[in-house]
Amino acid sequence: QVQLVESGGGSVQTGGSLRLSCAPTGSTDTNFVMGWFRQAPGKEREFVAVISRSGHATLYGDSVKGRFVVSRGDAKNTVYLNMNSLTPADTAIYYCAADFGPIWPPAIHEYDYWGQGTQVTVSS
């Protein structure tokens, strides 16, 4: 059974940076698309970023374009989300999700596995 292990959340002041990481356990298969989503209290889950299997293609949500960067590690199985110029509007629980299917980019319901979520809090 594949599990996604997230790390890197925390608290930061406005303008600060954080890096989240997500890695699957229970599988050495690196042939997956990895997406990042976030959910703030009282709001729907929002798309943040997605990276292709090779790492060569990425997409970002409008609210994070130019500030967040998604990347894959050298071994391709760990995915990072570098978050810069953070504002209180970025406060949310951040989730990574892996999709082993053929569609690019996958719709939210197509992801096969989800991480447990990690809290990011940005104070003013």
Side-chain angles (χ1 to χ4, degrees):
Q1 179 70 12
V2 175
Q3 290 186 324
L4 300 182
V5 179
E6 299 180 40
S7 61
S11 297
V12 66
Q13 292 188 325
T14 295
S17 298
L18 285 173
R19 187 175 82 160
L20 306 182
S21 64
C22 180
T25 63
S27 172
T28 58
D29 187 354
T30 61
N31 192 32
F32 57 87
V33 170
M34 185 73 84
W36 287 96
F37 297 81
R38 67 185 183 185
Q39 189 164 19
K43 295 189 176 181
E44 293 188 354
R45 193 162 294 192
E46 175 189 14
F47 167 73
V48 174
V50 62
I51 188 165
S52 65
R53 291 167 178 77
S54 66
H56 294 156
T58 57
L59 293 170
Y60 296 92
D62 289 342
S63 61
V64 306
K65 280 180 184 176
R67 301 187 300 121
F68 290 15
V69 177
V70 60
S71 62
R72 301 188 81 116
D74 290 341
K76 295 291 191 289
N77 62 333
T78 300
V79 175
Y80 303 98
L81 182 67
N82 286 280
M83 307 184 295
N84 303 304
S85 302
L86 288 163
T87 74
D90 296 311
T91 295
I93 299 174
Y94 283 70
Y95 299 90
C96 61
D99 174 47
F100 288 82
I103 305 298
W104 170 261
I108 188 170
H109 66 274
E110 293 174 320
Y111 285 87
D112 300 301
Y113 302 99
W114 289 80
Q116 78 283 3
T118 186
Q119 177 71 47
V120 170
T121 302
V122 184
S123 59
S124 57

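Being a predicted model, the structure only gives us computed values, none of them experimental.
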If hydrophobic clusters are built from ILVMFWY residues whose side chains come within less than 4.5 Å, do V79 and L4 share one? yes

So do the side chains of N82 and S71 get within less than 4.5 Å of each other, counting heavy atoms only? yes

Would you say Y80's side chain and V69's backbone share a donor-acceptor pair under 3.5 angstrom? no

If two hydrophobic side chains count as joined below 4.5 Å and joins carry through other members, does I51 share a cluster with L59? no

May I have all residue pairs that pass salt bridge (Lys or Arg N to Asp or Glu O under 4.0 Å) and include part of residues 114-124, sequence neighbours excluded? none

To the nearest 0.5 Å, tell me how far D99 CG sits from W104 CH2. 10.0 Å

All heavy atoms of P106 vs all of V50, minimum pair found to be CD-CG2, 4.5 Å

Do L81 and W114 share a hydrophobic cluster (ILVMFWY, side-chain heavy atoms under 4.5 Å, transitive)? no

Y111 with I93, same ILVMFWY side-chain cluster at under 4.5 Å: yes

Could I get the full list of side-chain hydrogen bond (donor to acceptor under 3.5 Å, both in side chains) partners for S7, not counting sequence neighbours? S21

same_hphob_cluster(Y95, I108) at 4.5 Å side-chain heavy-atom cutoff: yes

When P24 is tested against each of Y113, F100, F32 for side-chain contact (heavy atoms from CB on, under 4.5 Å), which residue passes? F32

Atom OG1 of T58 and atom CZ of F68: how far apart are they, to the nearest 0.5 Å? 14.0 Å

For S85, give me all partners under side chain to side chain contact (heavy atoms under 4.5 Å, CB included), at least two apart in sequence or on another chain. R67

When the side chains of residues 34-42 are checked against the rest of the protein, which donor-acceptor pairs come out under 3.5 Å, sequence neighbours left out?
from	atom 1	to	atom 2	distance (Å)
R38	NE	E46	OE1	2.8
R38	NH1	D90	OD1	2.8
R38	NH1	Y94	OH	2.9
R38	NH2	E46	OE1	3.4
R38	NH2	S63	OG	3.1
Q39	OE1	R45	NE	3.4
Q39	OE1	R45	NH2	3.4
Q39	NE2	K43	O	3.1

Donor-acceptor pairs under 3.5 angstrom involving side-chain atoms of residues 116-124: please list them, not counting sequence neighbours.
from	atom 1	to	atom 2	distance (Å)
Q116	NE2	E6	O	3.4
T118	OG1	G9	N	3.3
Q119	NE2	A92	O	3.4
Q119	NE2	T121	OG1	3.4

I'd like to check the side-chain hydrogen bond (donor to acceptor under 3.5 Å, both in side chains) partners of N84; sequence neighbours left out, ordered by chain and number. S17

